[in-house]
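In what follows, chains are A, B, ... by sequence order, proteins preceding strands, each numbered from 1. As the structure is a computational prediction, the values presented were derived from the model and not from experiment.
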There are 2 protein chains.
Amino acid sequence: MWIPIQIDENRPEPLYHQIETQLRGLILGEELAEGTLLPSIRELAVALKCSVITIRRVYQDLESEGLLRTRQGTGTFVAGVDAVVREGHRHERVVEAFEKAVETGLQLHCTPQEMESILRDVIARRTAGRKGEADDRASEE
Amino acid sequence: MWIPIQIDENRPEPLYHQIETQLRGLILGEELAEGTLLPSIRELAVALKCSVITIRRVYQDLESEGLLRTRQGTGTFVAGVDAVVREGHRHERVVEAFEKAVETGLQLHCTPQEMESILRDVIARRTAGRKGEADDRASEE
DNA sequence: TATACTGTGTATATCGTTATATACAGTATA
DNA sequence: TATACTGTATATAACGATATACACAGTATA
């Protein structure tokens, strides 16, 4: 009943968003199996040193995305989402992220080739020195 | 002394940001030549139906980016930026935009190949049916 | 130097986001 | 059914981003 989520107070990114992003990653990456019972909102609130309402918001947001299923009095579970649906959901989120980047690029008169080149650079820089995980929160240690 | 900037009240994007983005595009795209005298903050405020302070903020932000040069009592001009510097500036902005997209992609376990594929899709969709301008604000009309 | 234009600085209103406390309601089970 | 756990709803505090009014200061020029 423990979940590997790390909060970084120094980041400008809001609490609930950090938690959502990481939890979403765990679910979509299938590191949390379908049907898994998550910690109760109070339990996780204590563990992450934040309020119950913040955790509640996270669970609620992810439930409305179809990733969680909640039953009052019982708990919150990882939803059983069809692989195709889950894949579509994941894909859609990435597409939205890239649409913003492309919008910026076009406003600045980038060519498609230039954007592709920049993408490759950025990916290379992000994945260099890492083992393949999206985790850049440990500078020292 | 007229500048082709369009405000869309319906967009969630804040006023100052819409103006900044478009003006930045005009300068970096060299549609506004170096040395061009921009409309006074009061003049542009009237034209765009917003407050003087909002225009002031835009001019100030772009000045701190090195794109404008301002002289109290005289006016605001397009700065003479070295081509290399301007190019670097432009490039840097696009890189930042793509870093966010890549971060999202990695969190969702995208492979580099998948991200490249998505980028091509998004670009294709954005440039289809357009003449090459970043303008999707006219649905009717 | 008077005037009519430039940009500037201070102080403030408004709104949405983030985060919270606290009281309420459903569920499991001894 | 008592109790000890689940999630839920309402009201609100705190903050930052956005946008503003208005009084102030520099510049050009008749």
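- What you find for B:Ile19 and B:Cys50 is that their closest heavy atoms are CD1-SG, 4.5 Å.
- The side-chain heavy atoms of B:Arg125 and A:Glu99, taken from C-beta on, include a pair separated by under 4.5 Å.
- Heavy-atom contacts of chain B under 4.0 Å fall on DNA chain D between two terminal nucleotides, which in 5' to 3' order are D:dT18 to D:dA28.
- Distance A:Glu9 CD to C:dA19 P: 9 Å, rounded to the nearest Å.
- Between B:Arg86 and B:Leu28, the closest heavy-atom pair is CG-CD2, 3.2 Å.
- The stretch residues 50-60 of chain B participates, sequence neighbours left out, in these salt bridge (Lys or Arg N to Asp or Glu O under 4.0 Å) pairs: B:Arg57-B:Asp61.
- For the pair A:Tyr16 OH and C:dG16 C1', the interatomic distance rounds to 11 Å; values are reported in whole Å.
- Non-hydrogen atoms lying under 4.0 Å from DNA chain C are contributed by A:Cys50, A:Ser51, A:Ile53, A:Thr54, A:Arg57, all within residues 45-61 of chain A.
- The closest side-chain heavy-atom distance from B:Ile123 to A:Leu106 is not below 4.5 Å.
- For the pair A:Gly73 and B:Thr74, both in contact range of DNA chain C, the more 5′-proximal nearest nucleotide belongs to B:Thr74.
- B:Ile5 is not listed as a side-chain neighbour of B:Gln18, based on a closest heavy-atom distance of 4.5 Å or more.
- When the options B:Arg11, B:Lys100, B:Arg93 are evaluated for a salt bridge (Lys or Arg N to Asp or Glu O under 4.0 Å) with A:Glu103, the one that passes is B:Arg11.
- Looking at B:Gln22 and B:His17, their side chains never come closer than 4.5 Å, going by heavy atoms from C-beta outward.
- Listed by residue number, A:Gln72 are the residues of residues 64-72 of chain A with a heavy-atom contact under 4.0 Å to DNA chain C.
- Under the 4.5 Å side-chain criterion, counting only non-hydrogen atoms from C-beta, A:Val58 is not in contact with A:Leu15.
- Nearest heavy atom pair, residue B:Gly66 against residue B:Ala79, reads O-CB, 3.5 Å.
- In this structure, A:Ala101 and B:Ala97 approach most closely via the heavy-atom pair CB-O, 3.7 Å.
- For DNA chain C, runs of at least 3 consecutive pairs of the Watson-Crick or G-U wobble type, with both hydrogen-bonding distances under 3.5 angstrom, map to C:1-30 with D:1-30.
- Place A:Glu63 and B:Leu15 on DNA chain D by their nearest nucleotides, and A:Glu63 ends up nearer the 5' end.
- For B:Arg90, the side-chain hydrogen bond (donor to acceptor under 3.5 Å, both in side chains) criterion is met by A:Glu114, B:Glu87, not counting sequence neighbours.
- Heavy-atom contacts from other residues, nucleotides or ligands closer than 6.0 Å to CZ of A:Arg69 number 12 or fewer.
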